[in-house]
Protein chains: 2
Amino acid sequence: MNQKTQRFATIRKIIRNELISSQEELIARLRECGVEITQSTLSRDLKYMNVAKVPHKEKGYIYVLPNTVQHDANVSSNISDNITSLTFSGNLGVLKTKSGYASAISVPIDNLDSPDILGTIAGDNTVLLILREDANRSHIIESLVRIFPMMSNIL
Amino acid sequence: MNQKTQRFATIRKIIRNELISSQEELIARLRECGVEITQSTLSRDLKYMNVAKVPHKEKGYIYVLPNTVQHDANVSSNISDNITSLTFSGNLGVLKTKSGYASAISVPIDNLDSPDILGTIAGDNTVLLILREDANRSHIIESLVRIFPMMSNIL
DNA sequence: GTTATATTTGTATAAATATGCAACGACCTA
DNA sequence: TAGGTCGTTGCATATTTATACAAATATAAC
């Protein structure tokens, strides 16, 4: 339906360009754009469009479109800020990073020359750690936190 | 203080590994992990941790950790014509593609944000899927076929 | 056209989430 | 010790969001 498509476009435009904290607020903005809509329909629209609600420093919460990568306002020079998670599976460790940082992150890990980390493979946002079969995960984490202190925030 | 850090870690672990649709559900899981918490505190914790709530096909809505904020998993169809095989080995999946397509193929897989697929690494014609330890291979296949319909031809 | 079937919407309400406020405890300093 | 500040929490509740249901509207088949 074209009516609906048009409405979606307007919703997207507003969310992309403004900080919207609630559906009521968005309804008001839509009205200003000539779109009448009830809260229930909007709720369904947002769900259909995969719009997420995320915490935001100033506004409390805001809606964000899918594919919109959240960029921190303050870019940190600390490389370990770019590590987002560490999980283990069998004899592998999977270290996720912000896009593009995997290679940079993997270098100091290689340089650890830890007997527990046999090697690493870096993609774009993932560093694969191949671990010794009987490696102790706690020891791995300790080693990593030693070179990436900020990592303790995400563990 | 340390109590709180510990609680955060548990919350993160649960959110990373499971599909949680509501705070009440998360409270129940936390209790199973020995963490007693009220809804109001949890709400504040989630806000503090920048945890977002995003629409999800099966569960309605799920909580996701920052930097994994939801992307479009609906993908143009014919790209999946370039997948040639899928095999499993231990907790790894190996997806072979025509030369040069691995990166393109891996993007929508990353965007699935499946708790079963911890991460992907794309080479030139191979995508390595790192799976959760107890991941169900059938479920993985289902997820992949959902975004790459043509894959069903080669399975 | 008519009828059947599916999609979209609003209303009313349920469900889920955020938050003001008071209370508690940790940690100061005098 | 008493008194002060600060961070954390639970309770109660306000706010916000999702959804069951029925009505309206579109879509398709005849």
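We name chains A, B, ... by the order of the sequence lines, and we start the count at 1 in each one. Everything quoted here is computed from the prediction, not taken from an experiment.
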Quickly work out the [X] [atom1] to [N] [atom2] distance and round it to whole Å.
X: A:Q6; N: C:dT9; atom1: CD; atom2: P; value: 13 Å
X: B:K59; N: D:dT19; atom1: NZ; atom2: P; value: 13 Å
X: B:I27; N: D:dT9; atom1: CD1; atom2: P; value: 13 Å
X: B:H56; N: D:dA18; atom1: NE2; atom2: P; value: 16 Å
X: A:R7; N: D:dT25; atom1: CZ; atom2: P; value: 15 Å
X: A:I20; N: D:dT16; atom1: CD1; atom2: C1'; value: 15 Å
X: B:E25; N: C:dA15; atom1: CD; atom2: P; value: 15 Å
X: A:M49; N: C:dT8; atom1: CE; atom2: P; value: 13 Å

Filtered N/O pairs between nucleotides 16-19 of chain C and protein, under 3.5 Å:
from   : atom 1 : to    : atom 2 : distance (Å)
C:dA16 : O3'    : B:K53 : NZ     : 3.2
C:dT17 : OP1    : B:K53 : NZ     : 2.4
C:dT17 : OP1    : B:Y63 : OH     : 2.5
C:dT17 : OP2    : B:Q23 : N      : 2.8
C:dA18 : OP1    : A:Y61 : OH     : 3.0
C:dA18 : OP2    : B:Q23 : NE2    : 2.8
C:dA18 : OP2    : B:S43 : OG     : 2.5
C:dA18 : O5'    : B:S43 : OG     : 3.4
C:dA18 : N7     : B:Q39 : NE2    : 3.0
C:dA18 : N6     : B:Q39 : OE1    : 2.7
C:dT19 : OP2    : B:K47 : NZ     : 2.9

Using a 4.5 Å cut-off on heavy atoms from C-beta on, say whether the side chain of [Y] contacts that of [X].
X: A:L86; Y: A:L144; result: yes
X: A:S89; Y: A:V94; result: no
X: B:T120; Y: A:T126; result: no

Could you give me the CA-CA distance, side-chain angles and deciding distance for B:R7 and B:E36, then say whether salt bridge (charged side-chain N to carboxylate O under 4.0 Å, His left out) is met? CA-CA 9 Å; B:R7 191 177 68 221; B:E36 285 293 331; over 6 Å; no
With no hydrogens and no angle check, just 3.5 Å: does a side-chain donor-acceptor pair link A:N125 and A:S99? no
Return yes if a side-chain donor-acceptor contact under 3.5 Å exists between A:S40 and A:S43, otherwise no. no
Interatomic distance, [X] atom [atom1] to [Y] atom [atom2] [nearest 0.5 angstrom]:
X: A:M49; Y: A:R44; atom1: CE; atom2: CZ; answer: 13.5 Å
X: A:I15; Y: A:R29; atom1: CD1; atom2: CZ; answer: 11.5 Å
X: B:D116; Y: B:S143; atom1: CG; atom2: OG; answer: 7.0 Å

Angle between the two end axes of the helix from C:dG1-D:dC30 to C:dA30-D:dT1, five base pairs per end, rounded to 10 degrees? 30°
